[in-house]
Amino acid sequence: MPRRGVSDTEMPTAAAPAVAFRDVTVTFPRQDRAVLRGASFSIAAGERVVLFGPSGAGKSTLLATITGVVPHSVIARVTGSVTVAGRDTLATEVVDLSRHLGVLPQDPDSAVCLPGVEQELAFVLENRAVSPADISDRIDAALAVVGAGGLRKRQTGSLSGGESQRVALAAALIGGPDILVLDEPTSMLDADGLRQVRDAVDAATRHGTVAVLLVEHRLDEYAGSRGVAGLPERCIVLGADGAITHDGPTASVLPTAAVDLHWAGCWLPGDIELQAALGLAAGLAAPEVQRALLALAGEGCGAPEVFGPVVLAGHDLTVSQDAAPRAVRRRPWPFRRAARTSSDGQMTRDGQSTRGGPTGNGGHLARDGRAEKRRVLLSGVNLELRAGEIVAVLGRNGAGKSSLLLTLAGLLAPAGGTVTGARPGLVFQNPEHQFLGNTVREEINVGLPAGSERVDRVLTEHGLGPLADRNPYRLSGGQKRKVSLAAMLVHERPSLLADEPTLGLDRWATIATIAAFRRAARAGRGILLCSHDLRTVATLADRVLVVADGRIVADGSVVEVLRQGDLLARAGITVPPLLRWLIARLDSVAQVRRVLDALDATVDAGATVPTVEAP
Amino acid sequence: MNASSALGAVAPSPLARRNPTVKLAILFIVSLVLLVVFDPVTPALLYLLGLAAVLGFARLPMRTIVLAHLPFVGFALGILVVNALSRPGEVLVDLPPIRVTVEGLLVGSALALRTMAIGILSIGFIGTTDPVALMTSLHQHARLSARVTFAVLAGYRMLQQLPREWQVIRQAQSVRTPFRENGATRFGISEFGRAAFTLLVVSLRRGERMSQSLESRGLGLGARTVWRPVPLGPADWLLLAGTLGLLALVIAGVGTLGLGLGPGILF
Amino acid sequence: MSAAPSTTTPAAASARPIHRFTLKDLVLIVVLGVVFGFLYWALVQAWTGLSILLGPAGDLAQHVLLGGWLLVAPIAVAIVRTRFAGVIAEILASVIEVVFLGSAVGPMLFVAAAIQGAGSELPFALRRYSSFGWGSYALSGLLGSGFVFIFSAFRSGWFGQDLFFLRLGIQLASGVILGGLLAKVIVEALAKTGVVDNYAIGRALNA
């Protein structure tokens, strides 16, 4: 642990708990009900706590109340009392609270604010008037704790998501805070990044010198194969109405709260989920649990799926990321050069013939005037997507999955090879990037004649009817994704591409997304999606492609592909324990899918969310 | 040694080693003085001196210098032509509809050369100054408040990500718009506007989170230290004094020769 | 939901003086400068070539878009509602253009920015940052473009040119439409998305 410097020792009452809430209720303007309701708890110095609850239960609000962002920066009405290290947060400026707090936010892009890593860390110490002579050593120490010593000289713009989050964690720790607040720190990361950040958090908090409050909605992924043991020792559960329902040791609270949380759409650590779904508490290793799962799997592999004609294909594609991160080119944008319609209405793109030389000219952004090469991400890609088929692409962040989708969609000129097929739809990772309308209805209506009856049909089908007149930017994360998917599906293009369609969603929303994809596939669309969410992939995908080392290294059914351990290691893929067991024990994709569907069906899907149909 | 040389944005050179605030001050003073100079000789001399200084002390690649000239050479030509054609006075060339006047040519060339002079100094400044060092130095030496300094630096980091963000938004929106006849998607004023609005919304959201991050790191706690200060030494003062002396010399020289002109010529 | 100040709401949130910026306000102003700086830069990239091609006509054609350069100030003023927000927004935008984007106009842009920011902010300041109707925005665009016209006319030698009044007319019209009325359209669209709920404009809407 980095030590507290000489100059920032002015802390009040040393014996005060790190955080104490007494009957705290938070209400936002324009909302009739409180987001957080009568919360009372305290976190002792050095204690580690995980805060948990369904989407919208007020987890983020609770954190923001600790940091003082609510109500000093985000307008809200707060009653009750909140203290951090003995100081009343309602009466203390956010910046003064920063002496006691280390915060690690969700989004790596806004977690790191300055151009250089060293600068980012020195910034914290400079602000606390630490003597310049001590700063360098403390930077080294803080980076060492999070296993990021090698990043010291890097520019923050060049960091991966996992690296960024570790630097941000080091910045949160370097001032020697009383409490470390972690707001879904791994939710934007791939499996490698998640492991790095989780290990860094563990290493930094192992010695009990700093209290920890972790909010995480994918407890299944965060806990990983260690299950409940991989989580902080104490657990506070918020109910859907914003009141604390449970508070106690994680190992006893989670089993008690399991059923409620499961029904509320929370992602639970594997064994806890099985307990909620099957009513058996013994965990995956127990014979009776295994028997129950095998019973869900049933017999046989079902009728072989029959797919329609090829709707989208790539032939010997070379995929490259066109944009250098800093330079904006004066050349025409890639998609304007790339997309050309030949006479038969089919789109043909030919990389070699349309692409000019890679020029890095002009502009002071690329001030060195160096010509960058187009970095090839994937080469020799041959793939076919058939009508009614769902294909998933797996691989690390940065392996070229998104660029592959862009290339197939005609938004990025291939560096070689051709794409054939009618124009696909593409759902981007951040739904806000795709919004074009001022209301949800307008959003769905884009590109259709005004008042098309398809709009109402799609609104109903996706459960968006009640939101039709809302501004899309004001929706929750899950609702935004639903809108962007619906707005793409309304066009009935023969193929649909989707980039991480379930990222950040709770279990209800994930199940609804799965149902929407299945409906679209049954209606004859070909669907290609990139995802780190292996469980969703196993539930949905008829075929899985794995990208690693610049190529497609595997192409087969979920069972065939996920059984190849060495391959998964190469591609940075971690299979969650339940799925690993199912893949090992069951022979057909249909059986795996039956089990996963049966588990999904035990989640109370509520009135507005369509239930999952049997495959 | 430059405080942010680790960032590698600027190649080492005699000018790159000078204090950024001093360089900015010089640029600013010369620009202000040129504002009231309306003869072509003074800015022409200053342009040549500036060019010599950039070639001699900035160590910029020739290609960069030439490319960086393009925008303001175009701008300068525009000013020259417009003034030559549209200013009343003694007619030099009269080929209707073209009519060039002596006054027009004089004022036009003065303004064009002023653009060139400021342009070459800007190249020298921008090409040898690391933006991060500049902000740090303004904080240290020009009493720019810490909150403004680091808000701008956070903005700089955001700026670095904008081209990528912009490209993603353009792609994300173009996939939704219908094809035209030729198979391309339209990108006109309304599409630009929509993409720009999305960029604004997404950036404002990120900005709010960044301000929370900056505050949670203690920006604004009060007195702060500076870990690696940007040096300000005798050489910087010498640079300032030398440049201003040279400027005075040029103006005095041109005035003595009777070639100097003030803004009066406009009216 | 009424926003009657409750005893636990910090006084700072309900009765904030109009002369104090929070860090959040400053970052918002910088973000506006960064985004508009970037967009202008992207436009200028396309524009420079065209204006060289058009020659003298290009010089005039540029005036048509002049109002676009004024946008930052009224938007910042309308969201933050703090004294000098418009001036600071324009200056920061020009700093970003010169220092980070390498604008060729050089440091004269700082001066122009301060002048036009003052012009744009004046109508709002005179109404004590409480009136944001179409008239205020139009006046903002008019004064912004008018103020900076005087400076530009001096700097570029427009005084005494045959085209003087044509230039003035185009710039003022552009200022009103692109630098004034368009700002109101953008501000209201932003307010609907909710991203500015936690700034002065959001407090005003909730009041």
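In the text below, chain A, chain B and the rest are named by the order of the sequence lines, each starting its count at 1.
In this structure, the ring pair (Phe, Tyr, Trp, His ring centres under 6.0 Å) partners of C:Tyr137, at least two apart in sequence or on a different chain, are C:Phe124. Judged as a ring pair (Phe, Tyr, Trp, His ring centres under 6.0 Å), and not counting sequence neighbours, the contacts of B:Phe38 are C:Phe154. Under the rule for a side chain to side chain contact (heavy atoms under 4.5 Å, CB included), the partners of B:Ser216 that lie at least two apart in sequence or sit in another chain are A:Val103.
Residue B:Phe197 touches chain C through its side chain alone, counting heavy-atom pairs closer than 4.5 Å. With a 4.5 angstrom heavy-atom cutoff, C:Leu190 touches chain B via backbone and side-chain atoms both. Proximity to chain B (any heavy atom under 4.5 Å) is shown, for C:Ile186, by both the backbone and the side chain. Of the atoms belonging to B:Leu24, it is side-chain heavy atoms, and not backbone ones, that fall under 4.5 Å from chain C. Interface remark: B:Phe192 contributes side-chain atoms only to the contact with chain C (heavy atom separation under 4.5 Å). Within the 4.5 angstrom heavy-atom criterion, no atom of C:Phe164 approaches chain B. With a 4.5 angstrom heavy-atom cutoff, B:Ala196 touches chain C via backbone and side-chain atoms both. Only the side chain of B:Leu134 has a heavy atom closer than 4.5 Å to any heavy atom of chain C. With a threshold of 4.5 angstrom between heavy atoms, C:Val30 approaches chain B through side-chain atoms but not through N, CA, C or O.
Looking at every heavy atom in both residues, B:Gly207 comes nearest to C:Val27 through O-CG1, 3.4 Å. Across all their heavy atoms, C:Pro107 and B:Leu27 have their closest contact at CG-CG, 3.5 Å.
Residues B:Leu199 and C:Phe36 have side chains not in contact (no heavy-atom distance under 4.5 Å, counting atoms from C-beta outward). Looking at heavy atoms from C-beta onward, C:Arg167 lies in side-chain contact with B:Val82 at the 4.5 angstrom threshold. At a threshold of 4.5 Å between non-hydrogen side-chain atoms, the residues B:Val148 and C:Phe21 do not count as touching.
Annotation: the span from C:Leu109 atom CG to B:Ile118 atom CD1 amounts to 11.0 Å, rounded to 0.5 Å. Going from atom CG of B:Leu204 over to atom CG of C:Asn198 covers 12.0 Å, rounded to the nearest 0.5 Å. Rounded to the nearest 0.5 Å, atoms CG (C:Leu23) and CD (B:Gln212) are 10.0 Å apart. Distance CD1/B:Ile79 to CZ/C:Arg155: 7.5 Å, rounded to 0.5 Å. One finds the CG atom of B:Leu200 at 6.0 Å from the CG atom of C:Leu32 (value rounded to the nearest 0.5 Å). One distance of note links CZ of C:Phe38 with CD of B:Glu165; it measures 9.5 Å at 0.5 Å rounding.
For the options C:Val111, C:Val195, C:Ile88, C:Leu28, heavy-atom pairs under 4.5 Å to chain B are most numerous at C:Val195. Between chain C and the options B:Arg205, B:Glu208, B:Met135, the largest number of non-hydrogen pairs under 4.5 Å is found for B:Glu208.
Between the side chain of B:Arg206 and the backbone N or O of C:Val31 there is no donor-acceptor pair closer than 3.5 Å.
For a heavy-atom cut-off of 4.5 Å, chain C lies close to B:Leu111, B:Arg114 in residues 100-114 of chain B.
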